[in-house]
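See below for the structure under consideration.
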Amino acid sequence: LRGSPFILLALSLSQASEPKISTGKSKIAGSEPADALRLEIERSGANLTSEEKKEVLEQIDSEWELLEWLRQAKASNTGVQDRNLIKEVITSTSILQNHMKFFKDTTIRRSRVAKVLGFVTPWSEYGYAMAEKFAKKFDILSPTWFELKLRRRDVNGKKRLALELRGDHLVSPEWKTAVESKGCSVIPRLLIDPEGSINKTWGQILRSRKAQEKVTEKLVQVSEPFEGLLLELYGAWELPRKSETVAFIKRVAASFKTRNKKVLLALPPYRKGSKGFTYEHFLKIIDDVDGIVLLTIGYSDSNLGAESPVNWVEQTLHEAVGMKSLESREIAEKVMVVVSFQGTHYRGQQGAELSGRRFISLLENHTCAIHWNPKAMEHVAVYKEKESGDSGGILNMLMYPTLASIQARLRVCRAAGVSVGVWGVGQGLHYFFDLL
């Protein structure tokens with residue numbers, strides 16, 4: 001929420017009085033700061049259409065609700081470990097009664113892994129606020145601000161490379177300063193995304209020294225206000241000549257190192273039958289980069305199924321990194337296995353992203369049975385949604401992380417000696433952070 005003009009004004013107006021939510025026409029009709037903000041907009045004389053004004057006021061409602069959600073959280077004298085909450089047999093009641101309570105000392109680390117990285121997605125509700133609140137649990141925070149589009153353009157009958165950087169408007173210097181003051185590095189993720197044919201667009205870059213220099217120069221420019229960048233090369237590991245991808249990464253890493261900047265590399269997880277990133281490639285680049293981030297999330301890819309089975313996480317480590325490599329502590333600590341604080345809501349066969357706030361809302365409004373999958377080491381909450389004329393109802397499955405599922409993945413990381421990455425810091429529940 002930091003940086004939102006609506007919330008900044010609302011917070012400044014809220015110093016004298018606590019907001020009180022009423023059940024009036026507006027969700028925040030009884031909130032003095034929010035009402036004052038509405039009045040300010042009405043009086044401002046801003047040249048807004050009725051549709052634009054409606055959009056602004058809806059944004060105020062939404063953001064004020066998020067502030068209320070954050071204010072409900074309570075620091076506790078005991079953590080989830082002491083309250084015996086990390087269990088395979090759990091109920092909706094247990095989650096609803098405890099998810100807002102987190103251990104009061106947020107500087108204590110319990111993950112017992114080398115390093116912890118957290119991804120902060122600007123679109124995920126209260127990510128900035130949660131990352132700042134629990135900043136001392138992390139070594140690195142990686143806001144997903146940037147995307148570099150690669151395009152092939154016709155210029156005088158020849159294909160020329162055009163670059164378009166997106167995401168500048170998302171950067172929040174105020175938030176960056178706040179988390180850095182707590183000892184946390186900010187290394188944004190930058191997605192390099194080829195437009196059109198992946199083979200042709202990447203091929204034009206990887207087979208041209210001039211094109212590589214152009215891309216590298218752009219990456220260096222983006223990295224200037226930060227300690228470095230976390231790069232994700234979309235589609236680059238699907239190319240037949242992966243030696244060219246390796247050479248490009250080495251070139252970028254070398255350029256960054258001369259400027260004392262760090263390069264972390266995000267890699268796709270293991271897929272059966274895939275000819276992507278392998279142990280062979282790992283050996284060739286591990287000394288050049290400052291970190292390898294294994295994106296062990298989205299196993300079922302929005303198809304009905306487990307989110308991130310533990311045996312798949314272990315297999316990804318074996319295939320991409322090789323367990324022998326992890327005998328070196330220096331190498332092991334560079335490897336970060338991603339654990340997701342985000343889930344998926346399946347309504348029938350249709351899947352949609354599921355945040356913690358939405359998960360709690362569904363538990364509050366439906367009678368859910370929660371089951372443990374011992375093979376995947378994940379929970380699933382199930383309920384049926386009645387519709388008129390439908391005797392059976394629509395089956396809903398909530399594949400959302402729990403304390404036990406997160407702990408199981410942390411246990412894998414501890415055993416292998418690797419570091420951890422958290423996807424969706426802003427989509428997790430408060431008591432999740434007791435595990436980090």
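What you see below is based on every heavy atom in this structure, not just the backbone, and it leaves out hydrogens, waters and symmetry mates.
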**Prompt:** Hey, do the aromatic rings of Y431 and F103 have their centres closer than 6.0 Å?
**Reply:** no
**F341/F433 aromatic ring centres below 6.0 Å** = yes
**Identified side-chain contact (heavy atoms from CB on, under 4.5 Å) counterpart of W423 within the set T121, V339, V293, T296** = T121
Side chains of [Y] and [X]: any donor to acceptor distance under 3.5 Å?
| X | Y | value |
| --- | --- | --- |
| N396 | E385 | yes |
| E307 | T344 | yes |
| H430 | K133 | yes |
| Y270 | W312 | no |

So which atom in [X] and which in [Y] form the shortest heavy-atom distance, rounded to 0.1 Å?
| X | Y | value |
| --- | --- | --- |
| P268 | W237 | CD-CD1, 4.0 Å |
| K334 | D287 | NZ-CA, 4.1 Å |
| S405 | M377 | CB-O, 3.5 Å |

Salt bridge [X]-[Y], side-chain N to carboxylate O under 4.0 Å:
| X | Y | result |
| --- | --- | --- |
| E280 | K284 | yes |
| D434 | K137 | no |
| K261 | E227 | no |
| E244 | R241 | yes |

**Request:** Using modelled atom types only, decide if a donor and an acceptor are shared between the side chain of T201 and the backbone of E195 within a distance under 3.5 Å.
**Result:** yes
